[in-house]
Amino acid sequence: MTETTSPDKPTLLLIDGHSMAFRAFFALPVEKFSTTTGQHTNAVYGFTSMLINLLKQERPTHIAVAFDLSTPTFRDAQYDAYKAGRSATPNEFKGQIDLIGRVLTAMNIRTVTAEGFEADDVIATLATQGEDADFDVLVVTGDRDAFQLVDDAVTVLYPRKGVTDLPRMDAAAVEEKYFVPPNRYPDLAALVGETADNLPGVPGVGPKTAAKWITQYDGLEGVLAHADEIKGKAGEALRERLDDVRRNRQLNRLITDVELPVGLDHLGMSAPDREAIDELFDALEIRTLQPRLFELFGEEQQPVVTEEIVPPELAPLTAAAELTAWLDAAPAPVALVPLVDGADATTLVLVAEPAPGQGREDAAGDAVGARIDLTGLDAPAETALAGWLGDRAAPKVVHDLKTVYKLLRGGRGLVLDGVVDDPSLSGYLLQPDRRSYELGDLAQHHLRISIAATEAAGAQTELDLTGDEEQTRLATAARNGIVLLRLSRYLTAELADRGSADLMTRLELPLAKVLGDMELAGIAADAAHLSALTDDFTTAIDAAQREAFAVIGKEINLGSPKQLQAVIFDDLGLPKTKKIKTGYTTDADAITDLIARTDGHPFLVALLAYRDASKLRQTVEGLVKSVADDGRIHTTYVQNIAATGRLSSMNPNLQNIPIRTDEGRRIREVFVVGGGYRTLLTADYSQIEMRIMAHLSGDEALIQAFRDGEDLHRFVGSHVFGVAPEDVTPAMRSKVKAMSYGLAYGLSSFGLSKQLAIGVDEARSLMSDYFARFGAVRDYLRGIVETARKDGYTSTIEGRRRYLPDLSSDNRQLREMAERAALNAPIQGSAADIIKKAMLGVDRGIAAAGLSSRMLLQVHDELVLEVADGEEEQLTALVREQMAGAADLSVPLDVSVGLGRSWHDAAH
DNA sequence: CTGGATACGTA
DNA sequence: CGTACGTATCCAGT
């Protein structure tokens with residue numbers, strides 16, 4: 001495979017990260033490598049590409065990448081001007097080092113640094129350790145000082161040009177090039193000098209002269225001792241520079257005994273974290289490298305522990321006595337994995353294994369498993385099972401609790417309780433920005449094990465399963481059960497370490513069941529009204545379309561931005577709007593602006609009317625499609641999508657039903673009270689985010705305003721504009737309102753000016769007046785970003801974290817995006833915490849009072865409930881109490897409640 | 001058929 | 001050059 005490494009010896013690959021990244025940076029054109037967000041990636045790409053080549057060619061068994069630290073080294077202490085005179089690091093390079101670090105982490109390659117030392121010293125130390133342990137050692141660096149390490153075991157790969165041409169500098173190659181053996185290379189370098197390190201050598205002395213002297217006097221010491229014997233101009237120059245040469249030699253000696261946090265046994269090669277690589281390479285838009293990398297590590301070479309996980313035999317439990325006996329004997333907690341056929345759970349697979357320390361030392365074989373055929377249980381067994389499932393004192397672990405809960409409750413009326421962990425939720429609390437919480441992804445990421453089937457067992461729906469397939473499904477489920485238990489052990493410990501155990505067990509886990517109930521309930525839809533709306537909107541669409549076509553004298557697809565651009569900017573020759581990737585935007589803001597500038601161009605007016613109507617029809621049609629057989633619409637809430645802690649709603653999304661326009665609001669008439677219930681109730685928090693801001697900032701004026709029940713925007717307006725509250729005009733009020741909300745989003749004066757259609761100067765003075773009056777708000781917002789930058793994350797009032805690594809990015813766009821996210825996350829996230837607590841309170845309150853009313857929808861700051869006959873008053877009081885009492889802030893939480901037969905009518 | 005880009009609804 | 005989402009459509013790529 002390679003010419004110099006022996007196949008029987010382990011190979012240690014050591015890379016000087018900074019040096020090679022820098023080479024890569026200059027080898028590849030920076031303008032050709034950047035992401036859509038403007039992050040330059042040429043060094044990352046070049047470095048990673050080089051690394052993949054090296055892994056392929058050299059097949060190292062061990063690997064490390066050494067980096068310099070920005071802190072001074074002992075060399076700086078010895079020589080003020082060490083490395084001085086280097087031109088400043090190009091801006092485009094900064095930050096790519098961090099990204100390379102992230103690539104290495106994802107590849108499971110250790111990076112090594114040492115305070116007070118350079119990467120070279122780290123490499124020299126590891127190379128020496130490797131050599132002592134009888135490794136073949138390869139050093140990849142653009143720093144010639146490394147030549148001193150070369151010997152029979154150590155070879156330097158020194159870039160000739162770029163980062164792909166890496167000739168092997170073994171002892172013979174060094175000697176051929178520099179006329180001295182490797183161990184004397186630093187002697188030679190001391191005489192010749194090293195520009196890169198700002199170490200001037202002896203003028204007029206090049207490698208040839210230096211080598212001659214070194215050979216003649218047996219090393220640098222000899223040369224210095226006999227300096228006065230050396231004749232000629234070069235000898236004179238040497239005598240004038242003796243101190244420089246001694247200093248050079250002192251500085252270019254690499255340290256081979258640096259104390260390092262890692263040893264060789266930490267540096268074994270392992271496969272990359274596929275998911276992390278995918279995520280990172282996608283983000284960096286260097287996807288072409290993925291196949292090259294994964295080609296190196298064929299699936300079978302991934303660190304698959306599947307075969308090490310021996311799924312336990314599954315004891316078939318049918319009789320009540322068997323069931324109880326098994327459950328009594330199983331160590332806690334029990335992993336619960338349902339097998340699904342269609343939408344119905346047919347079999348439950350139960351797995352348990354003692355935690356390390358809980359059982360025997362060699363606990364590997366102690367896992368136990370059982371399966372329960374749900375279709376073949378007699379009444380006593382059914383009762384025993386139901387008792388255990390509903391026993392909150394019987395600890396269980398499941399993946400995707402809400403789905404399992406619905407499956408059992410909806411399909412078989414079995415109520416699940418006592419779930420102590422769900423990795424799809426604990427994984428989310430640990431890393432709310434992840435995009436997948438599939439069992440396999442989590443296992444790979446957190447446990448470094450790779451399971452082939454990431455789907456919960458039982459995703460298949462084939463009706464006629466052969467026996468073998470059935471066995472496979474059972475074995476997969478059993479294996480997933482084990483993974484579930486181990487994952488849960490890890491995640492639970494991590495959450496506890498962080499102090500977030502309560503957030504998990506007292507908020508998210510119980511909420512999953514509440515959401516499950518809401519999804520099962522759904523909300524009744526008025527079918528007749530839906531079709532009436534479809535007709536109305538269709539009429540409006542047709543009219544608008546006819547009008548638009550009449551103006552331009554031809555028929556186009558009004559839904560095609562491309563065709564719209566051609567008509568608006570070419571045919572009609574109207575002024576250009578904001579530039580976007582595909583030309584000029586035709587979004588509503590821009591069109592509205594154009595209408596103003598063209599004095600109401602009829603095509604544009606018709607276009608907006610068309611857009612409005614078709615958007616509404618589209619929404620209505622979506623709803624029509626999602627009405628279930630029970631005449632109700634069942635949305636799905638996703639508990640682990642929004643990085644701030646909010647819920648999201650999908651299939652259909654009931655959190656974006658129109659309300660702002662009269663026409664749109666009519667869609668809310670579709671959502672009505674269902675049979676057996678009296679009315680709908682809506683309850684929402686007023687200005688919850690502003691109240692949270694007042695609370696978190698501790699701004700006395702703002703807090704007092706809320707306590708006094710003032711009209712918030714009027715109050716703020718009176719302070720900002722310096723007028724009496726009653727003299728605040730509607731225009732002033734709306735400006736202040738926009739600004740107040742904008743602040744929580746990191747709004748800039750530019751953004752404010754654009755939104756309010758005022759000058760940037762006016763926007764800026766508006767903001768400074770605002771902050772002059774509400775200084776604590778400014779201090780708070782500033783503090784959030786500082787703290788987040790320091791800690792790496794933001795926190796909500798319930799301790800929910802969001803990690804924002806981009807806060808320290810040197811890419812301005814990325815960094816500023818992270819800063820705005822940091823401003824918003826604690827506010828939006830705290831609001832999410834509060835309404836989630838309120839939902840739990842309402843749910844428990846309803847149960848405790850024995851009411852029949854139920855919660856149906858959550859829309860971030862609003863709840864919609866279905867009220868049973870005669871429960872209006874009690875429920876109103878209960879909801880108010882629970883929502884208002886969900887947090888103890890320094891301001892009251894105002895809740896407004898409305899009743900009505902439809903969502904529209906219940907608004908207030 | 002998939003995915004990016006665009007547009008737009010909500011809090 | 002305002003956060004957080006989900007969905008529909010068009011269109012160019014596979």
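Protein chains get the first letters and strands the later ones, always in sequence-line order, with residue 1 at the start of each. Since the structure is predicted, the reported quantities are computational estimates derived from the model, not experimental observations.
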State whether A/R801 and A/D791 are salt-bridged, where the test is any N-O pair (Lys NZ or Arg NE/NH1/NH2 against Asp/Glu carboxylate O) under 4.0 Å. no
Would you indicate what A/Q828 reaches in the nucleic acid, counting non-hydrogen atoms under 4.0 angstrom: base, sugar-phosphate, or nothing? base
Answer with base, sugar-phosphate or nothing: what part of the nucleic acid does A/A643 contact at a heavy-atom distance below 4.0 Å? sugar-phosphate
Between the base of C/dC10 and the side chain of A/K562, is there any donor-acceptor pair under 3.5 Å? no
Where the side chain of A/S748 is concerned, which of C/dC5, C/dT7, C/dG2 is the nearest nucleotide? C/dG2
Nearest whole angstrom, please: distance from the C1' of B/dT10 to the OH of A/Y741. 14 Å
When both hydrogen-bonding distances must be under 3.5 Å and the geometry is Watson-Crick or G-U wobble, what is C/dG2 paired with, if anything? none
Pick from A/T538, A/D535, A/T534: which one makes a side-chain hydrogen bond (donor to acceptor under 3.5 Å, both in side chains) with A/R617? A/T538
Test: A/K402 and A/D422 ion pair at under 4.0 Å: no
Would you say the base of C/dG2 and the side-chain of A/Q755 have a donor-acceptor pair closer than 3.5 Å? yes
So A/R665, base contact, sugar-phosphate only, or nothing? Heavy-atom distance under 4.0 Å. nothing
Given B/dA11, is OP1 or OP2 found less than 4.0 Å from the side-chain N or O atoms of A/R660? yes
Presence of A/R611 side-chain N/O under 4.0 Å of B/dC8 phosphate oxygens OP1/OP2: yes
Touch check for A/T586, heavy atoms < 4.0 angstrom, all strands: base, sugar-phosphate only, or nothing? sugar-phosphate
Output the single nucleotide from C/dA4, C/dT7, B/dA11 whose closest atom is nearest the side chain of A/A821. C/dA4
C/dT9 phosphate, OP1 or OP2: any side-chain N/O from A/S560 under 4.0 angstrom? no
Can you tell me if A/S614 touches the phosphate of C/dA8, counting only side-chain N or O atoms and a distance under 4.0 Å to OP1 or OP2? no
Name the closest nucleotide to the A/A642 side chain, picking from C/dA4, C/dG2, B/dA7. C/dA4
Any base atoms under 4.0 Å from A/L654, or only sugar-phosphate, or nothing? Heavy atoms, all strands. nothing
Sugar-phosphate, base or nothing in reach of A/S749, heavy atoms under 4.0 Å: nothing
So what does A/I580 touch, heavy atoms closer than 4.0 Å: a base, only the sugar-phosphate, or nothing? sugar-phosphate
Taking any heavy-atom pair under 4.0 Å as a contact, classify A/A588: base, sugar-phosphate, or nothing. sugar-phosphate
For a quick test of your reading: what N or O donor-acceptor pairs under 3.5 Å do the side chains of residues 582-596 of chain A make, sequence neighbours left out?
| residue | atom | partner | partner atom | Å |
| --- | --- | --- | --- | --- |
| A/Y584 | OH | A/K579 | NZ | 3.3 |
| A/T585 | OG1 | A/D587 | N | 3.1 |
| A/T585 | OG1 | A/D587 | OD2 | 3.4 |
| A/T586 | OG1 | A/R611 | NH2 | 3.1 |
| A/D587 | OD1 | A/D589 | N | 3.4 |
| A/D587 | OD1 | A/A590 | N | 3.0 |
| A/T592 | OG1 | A/A588 | O | 2.6 |

Between atom NZ in A/K581 and atom C1' in C/dA12, what is the gap in whole Å? 15 Å
Please report the distance, rounded to the nearest Å, between CG in A/N656 and P in B/dT10. 8 Å
Are any of A/N651's side-chain N or O atoms less than 4.0 Å away from OP1 or OP2 of C/dT7? yes
For C/dA4 and A/T644 - does any side-chain N or O of the residue sit under 4.0 Å from the phosphate oxygens OP1/OP2? no
A/K737 NZ to B/dA11 P, in whole Å, measures 11 Å
Looking at A/E762 and A/K735, is any side-chain nitrogen of the basic one under 4.0 Å from a carboxylate oxygen of the acidic one? yes
Name the orientation class of the two ring planes belonging to A/W903 and A/F671 (parallel below 30°, tilted from 30 to 60°, perpendicular beyond 60°). perpendicular
Expressed in whole Å, how much space separates the P atoms belonging to C/dG2 and B/dG4? 25 Å
Would you indicate what A/Q563 reaches in the nucleic acid, counting non-hydrogen atoms under 4.0 angstrom: base, sugar-phosphate, or nothing? sugar-phosphate
Once you apply a heavy-atom cut-off of 4.0 Å, does A/L743 come out as touching a base, just sugar-phosphate, or nothing? nothing
Residue A/D612, side-chain atoms from C-beta onward, closest of B/dA7, C/dC10, B/dG9: B/dG9
N-O pairing of A/D612 and A/K615 below 4.0 Å: no
Between P of C/dG2 and CG of A/L747, the distance in whole Å: 6 Å
May I ask you to say what A/R820 touches in the nucleic acid, namely base, sugar-phosphate or nothing, with a heavy-atom cut-off under 4.0 Å? sugar-phosphate
Assign each of A/G742 and A/S649 the nucleotide of DNA chain C bearing its closest heavy atom; nearer the 5' end lies the nucleotide of A/G742
Distance check needed: C/dT3 C1' versus A/Y745 OH, whole Å only. 6 Å
Can the positive tip of A/R802 be found less than 6.0 Å from the middle of the six-membered ring of A/Y793, inside 45° of the ring normal? no
Whole angstroms only, please: what is the CG-C1' distance between A/L823 and C/dA4? 14 Å
May I have the distance from A/I641 (atom CD1) to C/dT3 (atom P), rounded to whole angstrom? 19 Å
Kindly point out which of B/dT6, C/dA4, C/dG6 is positioned nearest to the side chain of A/S648? C/dG6
Give the nucleotide from the list C/dG2, B/dT6, C/dA4 with an atom nearest to the side chain of A/P561. B/dT6
